[in-house]
Trainee: 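The structure follows.
For ligands, and for the atoms within them, numbers begin at 1 and follow the listed sequence.
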Amino acid sequence: MAAQHELGRDWGIYIDGQWQSSSSIDRIQSISPSSGKVIATVSRGNTADIDRAVGAARRASKAWASASPFYRAEVMIKASQLIADERDTLARALTDDQGKPLVKEAYDEVDELVLYFSMAAEDAKRQSGTMPHSVDPTRRVLQYRVPLGVVGVISPWNWPYTMGAEVFAPALAAGNSVIWIPAPSTAACSALLVEVFVEAGFPEGVFNFVTGLGAEVGDALCAHPGVDGIGFVGSVATGEKIAYRAAGKKQILELGGNGPFVVLEDADLEKAARAVMDASFLCAGQSCTAGELFLVHKGVKEEFLEMVVSMTKESINLGDPFSPETTMGPLNNEACADKFDEHVGDAVAKGARLVQGGKREGGLPTTLYAQATILDSVSPDMLIASSETFGPVVPILEISSDQEAISLVNRFGFGLTSAVFTTDLARGLAYAESVEAGWVNVNASTNLWESHLPFGGRSGTLSGRGRVGGTSVLEAFSEPKVVILQL
Ligand code: NAD
């Protein structure tokens, strides 16, 4: 009979193929953002745990790196099947720990997770080398990629499964051993995920999992001399610290964004307004690709605003994330909710008009339920325009031309995703080519992405460095090697 996987317990850490006790007796409570109840406890790991995990990963790394990619792919495929088998359990744990609506969103995250494992397996099998010419005809040259060795992965709480797996699945498939540290506020569902997929048969020490506070275990992992590469998904502020602490190691940094969403005067307004529902309210706005700044041409602003207000009233149902009717759940944690209050308050104080929402909804089990919020007359000096709010907000700033939109987007320094709505595709392409962003959607929400395509912030912006998605991340966690054969 298959093992029963349950979220509610005291979780240890997973090192060297075994669940173990942390060296620390301290615990972190996992509190459901929707009910306020303690649903599990996880270990508050420490530097001794990181030393142990890195030691196990180093011991395992040579054999895993030199194993056939077809064998590694087989283990990854088995892991994806185990996850698919536990789709319901994992989706419910995600809703409980993260707060996202079960029916509308949590199942989708588990399905995408399956895809990350299977895609990494397929990509690993197809990695190949070349045989470039030598200057000397008596030599033969082999050029191919080798894994880095030990990779540390640190992930956020907004997409607790996929944001870790988009990095560690390809890192594993490429032949690295891994230590994963999830965000503390979604560490319990992450532990459950680990329990499900490690049964695939990873050799001991190839995959390790430590929970704890980022400034403690995360920092120790980044600075550890036994770690060769770091994959980090999280905020700009933490990314900057990690870039420094992990200096000299290969790094992927997937950081924040503010998803500028432009509506030009020739746009299909209904289509654009429909896309706002997804851009601003998916995961209650807690998505790095969320639309958080709406630059709308003055000629259509009033009509667009009216449409967005009526669609929000009609389609956004804030409440219990386990209820099938709910389309938006609570924010994940108090720090995030405080930022929502601060940014809305700052905007109103500086002259924005609060059209709808703006508060935490009363009469619900916790104070984390932020209302779907629409603000008009937003200006560039407001926090809600210039930084990442990470909440369910639609801040509208009026523009007069395409060029004004492009200048504003490039001014705030983020470079992750952007969207433009226009019926003229040439105009849409001109916008896409002029904004500094790693990804631009023409006539689709900022929250539209496809997992097999390279995703990440444009170099030189606040949004990070490197790409995840498809074979890009396999390349990030491997490096070229040249061998010359003198005949
Ligand atoms: P965060 O930076 O606070 O935390 C992210 C992770 O880093 C957590 O696991 C945390 O424990 C750890 N951490 C914290 N301090 C650390 C330190 N000093 N050293 C090492 N690790 C440390 O971010 P968050 O609030 O969890 O997540 C939200 C942020 O993530 C947003 O800015 C969002 O845009 C970003 N994000 C980016 C992407 C992307 O692909 N670009 C995807 C999802 C989320």
Side-chain angles (χ1 to χ4, degrees), residues 28 42 44-45 47 50 97-98 100 109 112 116 152-168 179-187 190 209-224 227 230-247 249 251-259 282-292 331-340 387-391 413-417 437-439 446-447 449 451 453-458 461-469 472-473 476:
I28 299 171
V42 298
R44 179 173 165 178
T47 51
I50 294 299
D97 207 11
Q98 201 284 335
K100 62 181 67 184
E109 182 167 348
E112 197 181 10
Y116 280 129
V153 177
I154 302 175
S155 56
W157 45 259
N158 58 341
W159 302 77
Y161 296 154
T162 52
M163 293 301 100
E166 71 175 358
V167 184
F168 68 68
I179 298 132
W180 179 30
I181 301 180
S185 71
T186 47
S190 306
F209 173 78
V210 178
T211 54
L213 301 183
E216 295 172 3
V217 283
D219 183 73
L221 185 67
C222 292
H224 202 291
V227 173
I230 290 287
F232 172 73
V233 185
S235 65
V236 175
T238 308
E240 282 171 356
K241 286 184 201 153
I242 287 178
Y244 171 72
R245 294 290 280 156
K249 302 179 194 338
Q251 301 175 12
I252 285 193
L253 302 174
E254 295 294 341
L255 311 180
N258 69 346
L282 180 80
C283 201
Q286 303 160 112
S287 159
C288 60
T289 49
E292 297 202 14
L331 296 173
N332 176 258
N333 56 67
E334 195 52 43
C336 188
D338 280 347
K339 186 143 81 131
F340 164 82
S387 45
E388 191 184 41
T389 301
F390 231 51
F414 292 108
L416 200 57
T417 56
W439 187 301
T446 47
N447 264 337
W449 70 89
S451 320
L453 301 173
F455 176 89
R458 186 183 158 86
T461 69
L462 295 171
S463 295
R465 80 163 72 133
R467 295 290 184 274
V468 291
S472 307
V473 75

Trainee: Let me see the working for F232 and L255 under side-chain contact (heavy atoms from CB on, under 4.5 Å), right down to the final yes or no.
Mentor: CA-CA 8 Å; F232 172 73; L255 311 180; 3.5 Å; yes
Trainee: Any side-chain heavy atom of W159 within less than 4.5 Å of one from K100?
Mentor: yes
Trainee: Compute the ring centroids of F455 and W449, then answer whether they are less than 6.0 Å apart.
Mentor: no
Trainee: May I have the N/O to N/O pairs between ligand 1 and the protein that fall below 3.5 Å, each with atom names and distance to one decimal?
Mentor:
{"unit_1": "ligand 1", "atom_1": "2 (O)", "unit_2": "S235", "atom_2": "N", "d": "2.9"}
{"unit_1": "ligand 1", "atom_1": "2 (O)", "unit_2": "S235", "atom_2": "OG", "d": "2.6"}
{"unit_1": "ligand 1", "atom_1": "2 (O)", "unit_2": "T238", "atom_2": "OG1", "d": "2.7"}
{"unit_1": "ligand 1", "atom_1": "9 (O)", "unit_2": "S155", "atom_2": "O", "d": "2.8"}
{"unit_1": "ligand 1", "atom_1": "11 (O)", "unit_2": "G214", "atom_2": "N", "d": "3.4"}
{"unit_1": "ligand 1", "atom_1": "19 (N)", "unit_2": "G214", "atom_2": "O", "d": "3.4"}
{"unit_1": "ligand 1", "atom_1": "23 (O)", "unit_2": "S235", "atom_2": "N", "d": "3.4"}
{"unit_1": "ligand 1", "atom_1": "25 (O)", "unit_2": "W157", "atom_2": "NE1", "d": "3.0"}
{"unit_1": "ligand 1", "atom_1": "26 (O)", "unit_2": "W157", "atom_2": "NE1", "d": "3.1"}
{"unit_1": "ligand 1", "atom_1": "30 (O)", "unit_2": "G234", "atom_2": "O", "d": "3.3"}
{"unit_1": "ligand 1", "atom_1": "32 (O)", "unit_2": "E388", "atom_2": "OE1", "d": "2.6"}
{"unit_1": "ligand 1", "atom_1": "34 (O)", "unit_2": "E388", "atom_2": "OE2", "d": "2.5"}
{"unit_1": "ligand 1", "atom_1": "41 (N)", "unit_2": "L255", "atom_2": "N", "d": "3.3"}
{"unit_1": "ligand 1", "atom_1": "41 (N)", "unit_2": "L255", "atom_2": "O", "d": "2.6"}

Trainee: Taking atom types as modelled, is there a side-chain donor on E112 or Y116 under 3.5 Å from an acceptor on the other?
Mentor: yes
Trainee: Regarding S287 and N447, do their side chains bring together a donor and an acceptor under 3.5 Å, going by distance alone?
Mentor: yes
Trainee: For K241, which residues count as a side-chain contact (heavy atoms from CB on, under 4.5 Å) partner, sequence neighbours excluded?
Mentor: none
